[in-house]
Amino acid sequence: MDTFLRDLLAHSEWANAVFFSAWGKSPARDHDELRARMAHIVGVQQGFLSLLRGEQPGGPPGGPPLTFEDLKARAASSHHDLRDFAATLDSETLSRMVHVPWFPDPNFLITIAEALVQVAMHTQHHRGQCLTRLKDFGGEPKNVDWIIWLWKQKPVARWN
């Protein structure tokens with residue numbers, strides 16, 4: 001299970017790096033909607049990682065969305081931190097329960113494994129929205145499906 005979760009996170013990182021590459025070459029590079037949505041994706045990743053590390057997750061940042069370059073750097077850093085965290089996990093740790101404070105009542109507990117699946121699936125959900133909007137704004141979205149990543153023999157993310 002831990003290998004599968006690391007693969008799921010590796011795919012998510014690869015797919016986000018591919019998205020950023022396509023986005024950076026598009027007329028929508030500075031589009032507020034895409035910047036806000038990507039800031040949300042990265043913020044949720046960082047919030048869950050803080051939670052899983054036993055830290056207090058921060059809230060959404062205020063102010064205007066970050067620049068494309070700042071978002072790209074923050075996304076790469078977030079994925080790096082998730083990768084490092086996941087590399088330390090064993091089956092016992094993955095089954096440990098954590099409290100998710102975003103759902104106030106009833107008290108919501110999930111396993112670390114379930115939280116990591118949520119991070120990957122939440123990212124996939126919003127990345128799909130971003131790819132659709134990228135096309136709407138004149139960009140050329142790439143196919144970043146899980147099966148494509150497997151077919152390409154699980155390439156690592158390239159953030160450059």
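Everything numeric here is computed off the predicted structure, so don't read it as measured data.
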Quick check: do [X] and [Y] have side-chain heavy atoms less than 4.5 Å from each other?
{"X": "H126", "Y": "M121", "result": "no"}
{"X": "F137", "Y": "P27", "result": "no"}
{"X": "E140", "Y": "K135", "result": "no"}
{"X": "V119", "Y": "V44", "result": "no"}
{"X": "F85", "Y": "L49", "result": "yes"}
{"X": "Q45", "Y": "N16", "result": "yes"}
{"X": "L109", "Y": "V100", "result": "no"}
{"X": "L71", "Y": "L34", "result": "no"}

message = side chain to side chain donor-acceptor pair (under 3.5 Å), that's the test. Do Q56 and S50 meet it? Break it down for me.
response = CA-CA 6 Å; Q56 184 67 25; S50 293; over 6 Å; no
#### Entry: Polar contact flag, side-chain donor to acceptor under 3.5 angstrom, S12-Q124
no
Checklist entry - Just by distance, with hydrogens left out, do S78 and D81 show a side-chain donor and acceptor under 3.5 Å apart? => result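 No.
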Can we say [X] and [Y] salt-bridge, meaning some charged N sits less than 4.0 Å from an Asp/Glu carboxylate O?
{"X": "K154", "Y": "D7", "answer": "yes"}
{"X": "R74", "Y": "D70", "answer": "no"}
{"X": "E13", "Y": "R158", "answer": "no"}
{"X": "R133", "Y": "E33", "answer": "yes"}

To the closest 0.5 Å, what do you measure between [atom1] ([X]) and [atom2] ([Y])?
{"X": "H122", "Y": "R127", "atom1": "NE2", "atom2": "CZ", "result": "11.5 Å"}
{"X": "R96", "Y": "I110", "atom1": "CZ", "atom2": "CD1", "result": "12.0 Å"}
{"X": "M38", "Y": "H31", "atom1": "CE", "atom2": "NE2", "result": "15.0 Å"}
{"X": "H40", "Y": "C130", "atom1": "NE2", "atom2": "SG", "result": "10.0 Å"}

Can you classify the ring geometry of [X] versus [Y] as parallel (below 30°), tilted (30 to 60°) or perpendicular (above 60°)?
{"X": "F48", "Y": "W102", "result": "tilted"}
{"X": "F103", "Y": "F108", "result": "perpendicular"}
{"X": "H11", "Y": "W146", "result": "perpendicular"}

Verify, without hydrogens or angle tests, whether E114 (side chain) and T111 (backbone) share a donor-acceptor contact under 3.5 angstrom.
->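 Side chain of E114 to backbone of T111: a pair is present.
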Give a yes or no answer on whether the side chain of W23 reaches the backbone of L134 with a donor-acceptor pair at less than 3.5 Å.
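Pair absent, no side-chain N/O of W23 close to backbone of L134.
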Tell me whether [X] shares a hydrophobic cluster with [Y], the cluster being built from Ile, Leu, Val, Met, Phe, Trp, Tyr side chains joined at under 4.5 Å.
{"X": "L94", "Y": "M97", "value": "no"}
{"X": "L150", "Y": "F4", "value": "yes"}
{"X": "F19", "Y": "I41", "value": "yes"}
{"X": "L9", "Y": "I147", "value": "yes"}

Nearest non-hydrogen partners of [X] and [Y], listed with the distance:
{"X": "F68", "Y": "D30", "value": "CB-OD1, 4.4 Å"}
{"X": "L66", "Y": "R35", "value": "O-NE, 2.7 Å"}
{"X": "R6", "Y": "L89", "value": "NH1-O, 3.7 Å"}
{"X": "K72", "Y": "N160", "value": "NZ-C, 4.2 Å"}
{"X": "H99", "Y": "L51", "value": "O-CD1, 3.2 Å"}
{"X": "W14", "Y": "D145", "value": "CZ3-O, 4.2 Å"}

Does E55 have more than 12 heavy atoms from other residues, nucleotides or ligands lying within 6.0 Å of its CD? yes
Worksheet entry | W151 atom CH2: more than 12 heavy-atom contacts under 6.0 Å | no
- Go through L8 and L116 one step at a time and tell me if the side-chain contact (heavy atoms from CB on, under 4.5 Å) criterion holds. CA-CA 9 Å; L8 195 60; L116 289 172; over 6 Å; no
